[in-house]
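Labels below follow one simple rule: chain letters A, B, ... track the order of the sequence lines, proteins then strands, and each chain is numbered from 1.
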Protein chains: 2
Amino acid sequence: MTLSAQTINLIGTAAACCTTTSFVPQLLRVWRLKTARDISLIMFLVFSVGVFLWLVYGIYLHSFPITLANGATLALSLAILALKLRYDRG
Amino acid sequence: MTLSAQTINLIGTAAACCTTTSFVPQLLRVWRLKTARDISLIMFLVFSVGVFLWLVYGIYLHSFPITLANGATLALSLAILALKLRYDRG
């Protein structure tokens, strides 16, 4: 089944929206429960490094969607990381 | 500062490795603690949909890195989702 370039771009945009916004409910949950014990610190550290690299990649590729999506994801990921460090200290 | 295409590709590959492998420590943590209460179910549902869309995007773009990275991430994300559903039922 072949898809038009426009449809493929739409799929990429929807993918970026989902993977970026998916971190909002996690941030709200940590904020509400005031705990993040089950969340892996290593995951969010490595994930944040990866998203930062995607951001650099997007900038040098002059790709606005990749830059925007990963800039937002990086902000959310670092916020979850900060809350985790704060609540784990108790 | 300009970068060669090769360096930019290297950054993209490193980014894909980080964002994919970052889910392994989270999967191991849930498996070890036998709990995922602090993890947001909505996050992993929406994130899995997004990663699936990235997979479709990579396939239609004939991009092996995007297809491989998101195929692996989807498997890890669904595994975490399955464990969360199992342990939340208690």
Within the distance-only criterion (no hydrogens, no angle test), does the side chain of A:Gln26 pair as donor or acceptor with the backbone N or O of B:Ser40 below 3.5 angstrom?
yes
Sort out for me which of B:Gly50, B:Gly58, B:Ala14, B:Cys17 touches chain A most, counting heavy-atom pairs under 4.5 Å.
B:Gly50
Rounded to the nearest 0.5 Å, the CZ atom of B:Phe47 sits from the OG1 atom of A:Thr20 at a distance of 9.5 Å
Quick check: closest heavy atoms across B:Cys18 and A:Val46, and the distance to 0.1 Å?
O-CG1, 3.4 Å
Please check if the number of heavy atoms outside A:Leu68 that lie under 6.0 Å from its CG is greater than 12.
yes
Give, as side chain, backbone, both or neither, the part of A:Leu33 having an atom under 4.5 angstrom from any heavy atom of chain B.
side chain
Whatever's closer than 4.5 Å to a heavy atom in chain A on B:Ala36 counts as backbone
List the atom of B:Trp54, the atom of A:Gly12, and the distance in Å for their closest heavy-atom pair.
CH2-O, 3.7 Å
Heavy-atom nearest pair, B:Thr35 first then A:Arg37, reads CG2-NH2, 3.7 Å
Given a strict heavy-atom distance threshold of 4.5 Å, which part of B:Lys84 is in contact with chain A: side chain, backbone, both, or neither?
side chain
Considering all heavy atoms of both residues, which atom of A:Leu53 and which atom of B:Ile11 are nearest to each other, and what is their separation?
O-CG2, 3.4 Å
When clusters are formed by joining ILVMFWY residues with side-chain heavy atoms under 4.5 Å apart, either directly or through shared neighbours, do A:Val49 and B:Leu10 land in the same one?
no
Is the shortest heavy-atom distance from the side chain of B:Tyr57 to the side chain of A:Asn9 under 4.5 Å?
yes
Distance col, row B:Met43:CE vs A:Leu28:CG, nearest 0.5 angstrom, shows 12.5 Å
Quick check against the 3.5 Å criterion: does A:Asp38 have a side-chain atom that pairs as donor or acceptor with the backbone of B:Ile39?
no
Would B:Val24 end up clustered with A:Ile42 when hydrophobic side chains under 4.5 Å apart are linked, directly or stepwise?
no
What part of B:Ala5 is in contact with chain A, defined as an atom under 4.5 angstrom from a non-hydrogen atom: side chain, backbone, both or neither?
neither
